[in-house]
Amino acid sequence: MAEDPRAWWRHGVLYQVYPRSFADSNGDGVGDLVGLTRHLDHLQWLGVRGFWSSPITPSPNFDWGYDVVDYTGVDPALGTLADAETMIASATARGLKVILDLVPNHTSTQHPWFLESRSSRDSPKRDWYVWQDAKPDGSLPNNWQSSFIGPAWRFDEIAGQYYLSNFLPEQADLNWWNPEVRAEFERILRFWFDLGVAGFRIDVAHMLVKDRELRDNPPATDDDPFIEQLHGQRQQYNANRPEVHEIYRRWRVIADSYDPPRLLIGETPVWKPTILASYYGEGDELDLAFNFILLETPFDADAMHEVIETTLAALPQGWQAVWAGGNHDVSRFPTRWAGNSPTRARAALLMLLTLPGTPFLYAGDEILMTDTAVPPDRLRDPIGVQLYPMPFGRDPERTPMQWSAEPGAGFTDPGVEPWLPFGDLAVNVAAQRDDPGSALTLTRDLIGLREAIVDLHAGGYGRVDGPAGWWCYRRGERVVVAINLTGTAGVLGGVHGLLRISTDRSRDGEVLDGDLALEPDEAAIIWLDA
Ligand code: GLC
């Protein structure tokens with residue numbers, strides 16, 4: 001029987017590459033597409049089914065690729081379009097799918113569209129962006145705050161008006177009410193799908209459409225998520241607008257017109273499972289919407305269980321969640337969830353790879369890279385620079401992949417200064433690759449087990465009672481995952497089966513006849529007797 005053409009993301013594990021930090025082939029200290037292509041064997045060996053790369057399109061790099069100047073090109077620092085085609089062909093030959101990053105909410109202010117748009121009120125592209133005059137009293141068009149820092153309106157001298165800019169001043173929001181903008185992005189989707197790209201991760205997918213009347217956001221209340229309280233307002237009119245769903249329904253039709261159907265996955269930092277679920281529509285919008293609720297939840301049994309349960313309950317029947325432990329915007333999970341404890345980080349890894357839904361690993365997770373402290377003179381993230389010394393920058397999770405402990409870390413040539421400093425090179429792929437007890441081997445074995453056992457990749461989820469502070473859950477009929485998140489050893493009773501994988505690998509294969517004892521921060525996958 002032919003495999004479901006969506007099995008690669010429904011059953012498999014996916015991986016995120018931050019291309020500037022993955023592998024540098026030309027000795028300039030910046031990762032590139034040739035370097036990435038040379039390391040596809042690592043992904044194949046790991047057993048992931050594909051990878052999402054953060055933007056590869058040309059950018060002046062105020063926001064490192066998320067300020068795009070050409071949606072169908074390749075940034076010269078990363079390579080050429082031919083390199084991208086080679087990467088796609090090499091990945092495809094290895095059975096790996098390539099997912100690119102699409103940034104439709106905003107362009108760089110250096111994008112030719114914006115240059116044209118600002119040039120005159122009569123410009124044919126004027127309406128491609130959101131231009132407004134000040135209010136009669138001279139104040140800003142409305143009270144919206146940028147998702148980064150300060151008000152979301154910037155005055156442009158050339159245009160003589162304010163433009164909407166929900167991120168950096170160098171990023172201008174597109175006007176998604178304009179049908180030409182919509183048509184242009186449909187063309188862009190097709191351009192890359194035609195080249196063999198398997199799908200898109202859609203940047204700030206919840207924000208594209210803004211309130212047509214640009215109404216003021218209401219103040220945040222104590223019940224609102226932390227981030228909205230930080231900005232002092234609830235994102236009622238500049239995010240999660242009902243009209244955004246029309247766009248995804250249209251994109252779904254385009255993605256499904258390809259064989260195999262292409263994947264649409266949203267970056268959806270929303271804080272209620274019901275809102276998250278709305279991006280799946282009735283199964284006719286995005287295939288997957290990243291769950292940021294879990295990312296912001298502490299590694300605590302009750303708290304995490306609640307996120308999983310409420311998320312699954314909210315999703316349309318037959319559709320599934322997508323989980324990540326981190327990404328290029330969020331502290332790495334071995335630091336955030338595990339306080340840099342390798343033992344606890346292994347438990348988090350086992351958790352991530354046994355959750356119901358599609359797990360994404362972020363490059364470096366497989367060796368349990370932690371956040372790297374980046375000295376102030378090496379900061380590259382604009383948020384990190386502006387808010388220094390407050391720890392809000394994103395450089396700590398963006399440092400280069402640690403392939404080996406050699407000079408250059410296998411990332412770049414010896415003696416070359418990488419674009420961001422290296423972390424602790426004792427943690428590296430080469431050292432872990434042949435070590436049966438390593439995090440890397442654990443990751444590979446967990447992926448292999450997940451692929452092999454239907455209960456793990458497709459079975460339901462339900463919490464199982466366990467000792468206080470443990471998180472125990474059933475996957476499908478015969479799998480139980482037990483995680484001892486406490487600081488003391490304990491025992492889960494009534495377990496009859498085979499311990500398939502423990503974070504303490506010396507226990508793999510243990511026969512359990514009643515009691516499962518776990519050390520602090522130990523986690524295990526049990527195959528129950530029939
Ligand atoms: C997304 C990206 C982030 C970027 C922002 C603005 O959140 O993941 O890196 O800064 O969008 O484009």
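Read the numbers this way: they start at 1 and go in the same order the structure lists the ligands and their atoms.
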- Below 4.0 Å from any atom of ligand 1, is there a heavy atom belonging to Trp64?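 Distance cut 4.0 Å: Trp64 fails for ligand 1.
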- Query: Just going by heavy-atom distances, which of Asn327, Asp203, Asp381 is nearest to atom 11 (O) of ligand 1?
  - Reply: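 Nearest heavy atom to atom 11 (O) of ligand 1 lies in Asp203.
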- Query: Counting heavy atoms only, which of Asn105, Asp329, Val330 comes nearest to atom 9 (O) of ligand 1?
  - Reply: Asp329
In terms of atom number and element, which parts of ligand 1 are under 4.0 angstrom from non-hydrogen atoms of [X]?
X	value
Glu267	1 (C), 7 (O), 8 (O)
Asp63	4 (C), 5 (C), 6 (C), 10 (O), 12 (O)
Arg394	3 (C), 4 (C), 9 (O), 10 (O)
Phe148	10 (O)
Arg398	9 (O)
His106	6 (C), 12 (O)

- Task: For ligand 1, note which part of Met207 has a heavy atom under 4.0 Å away: side chain, backbone, both or neither.
- Result: neither
- Item | Part of Phe62 with heavy atoms under 4.0 Å of ligand 1, whether side chain, backbone, both or neither |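 No part of Phe62 comes within reach of ligand 1.
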- Note on the structure: Residue pairs meeting ring pair (Phe, Tyr, Trp, His ring centres under 6.0 Å), one or both in residues 19-40, sequence neighbours left out, come to Phe22-Trp403, His39-Trp403
- Hey, does the Lys NZ or Arg CZ of Arg126 hover above the aromatic six-ring of Trp131, less than 6.0 Å from the centre and inside 45° of the axis?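 Yes, Arg126 sits over the ring of Trp131.
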- Message: Which label fits Tyr163 and Phe114: parallel for a plane angle under 30°, tilted from 30 to 60°, or perpendicular past 60°?
- Response: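 Tyr163 vs Phe114 ring planes: perpendicular.
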- Plane angle bin for Phe193 and Phe200 - parallel if under 30°, tilted between 30 and 60°, otherwise perpendicular: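 If you compare the ring of Phe200 with that of Phe193, the planes turn out tilted.
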- Task: Mind running side-chain contact (heavy atoms from CB on, under 4.5 Å) on Ser59 and Val68 for me, showing each step along the way?
- Result: CA-CA 5 Å; Ser59 166; Val68 178; 5.8 Å; no
- Sequence-distant partners of Glu184, side-chain contact (heavy atoms from CB on, under 4.5 Å), two or more places apart: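 Result, side-chain contact (heavy atoms from CB on, under 4.5 Å) vs Glu184: Trp113, Trp128, Arg187, Ile188.
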- Item | From Lys210, Arg215, His231, residue fulfilling side-chain contact (heavy atoms from CB on, under 4.5 Å) relative to Trp144 | Lys210
- Message: Tell me whether the count of non-hydrogen atoms from other residues, nucleotides or ligands lying under 6.0 Å of CG in Asp222 goes above 12.
- Response: no
